[in-house]
Amino acid sequence: MAEIKQEPMSKKKLEYVRRERTKEMRQQVISFGLMIFFTFIAFGMVAMDLDASFVIPVVIGLAFIQVVLQFFYFMHMKDKGHEFAKLFMMTGMFFALSFVVTFMYIVWIGSPI
């Protein structure tokens, strides 16, 4: 088995690494708590049998916020070196939004082809 050679860290660098990891973990825990809270809100609104014209946009908005939190805190898209992956995701979101708008127009506004 290959040996891993590690240089000993200075006390200052070790403190810096610990502080950064603690900060990262705190952000992830807060983000996870927010996502659970948003999920409870969505389930609660559906369970209370509120008007669908109010519930649907709010649930979609909460879902969008959760997707953003997932990307940035659990898939580490906020870190450097992920520009290519971000480009692909933004392109995919652009096409998805284009398709949704197009089909909404065809089904509800315009006359079907």
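Residue indices begin at 1 and follow the sequence shown.
- Atoms OG1 and CZ, from Thr22 and Arg18 in turn, are 9.0 Å apart once rounded to the nearest 0.5 Å.
- Here the CD1-CD distance, from Ile36 to Gln66, works out to 8.0 Å after rounding to the nearest 0.5 Å.
- Using modelled atom types and a 3.5 Å distance limit, the side chains of Ser31 and Gln70 yield no donor-acceptor pair.
- The shortest distance between side-chain heavy atoms of Phe94 and Thr91 does not fall below 4.5 Å.
- When the side-chain contact (heavy atoms from CB on, under 4.5 Å) test is applied to Val58, the partners found at least two apart in sequence or on another chain are Met45, Phe54, Leu62.
- Residue Val101 is not grouped with residue Ile56 when hydrophobic side chains (ILVMFWY) are merged at heavy-atom distances under 4.5 angstrom, including chains of intermediate members.
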> Should Met35 and Ile65 be marked as a side chain to side chain contact (heavy atoms under 4.5 Å, CB included) after you check the CA-CA gap, both sets of side-chain angles, and the distance that decides it?
Replying inline: CA-CA 8 Å; Met35 287 187 279; Ile65 293 170; over 6 Å; no
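- The same ILVMFWY cluster, assembled from side-chain heavy atoms under 4.5 Å apart, contains both Met93 and Leu69.
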>> Under the criterion side chain to side chain contact (heavy atoms under 4.5 Å, CB included), I'd like the reasoning laid out for Arg21 against Met25: C-alpha separation, chi angles, the key distance, then a yes or no.
In response: CA-CA 6 Å; Arg21 288 182 182 169; Met25 181 61 77; over 6 Å; no
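- Of all heavy-atom pairs between Ala52 and Pro57, the closest is O-CD, 4.1 Å.
- Each of Val67 and Phe88 belongs to its own hydrophobic cluster when Ile, Leu, Val, Met, Phe, Trp and Tyr are linked at side-chain heavy-atom distances under 4.5 angstrom.
- No chain of hydrophobic side-chain contacts below 4.5 Å, direct or via other Ile, Leu, Val, Met, Phe, Trp or Tyr residues, connects Phe43 to Leu34.
- Between the side chain of Gln28 and the backbone N or O of Tyr73 there is at least one donor-acceptor pair closer than 3.5 Å.
- Using a 4.5 Å cut-off between side-chain heavy atoms of Ile, Leu, Val, Met, Phe, Trp and Tyr, with links allowed through other members, Phe84 and Phe71 fall into different hydrophobic clusters.
- You'll find the side chain of Val55 stays beyond 4.5 Å of the side chain of Asp51, heavy atoms only.
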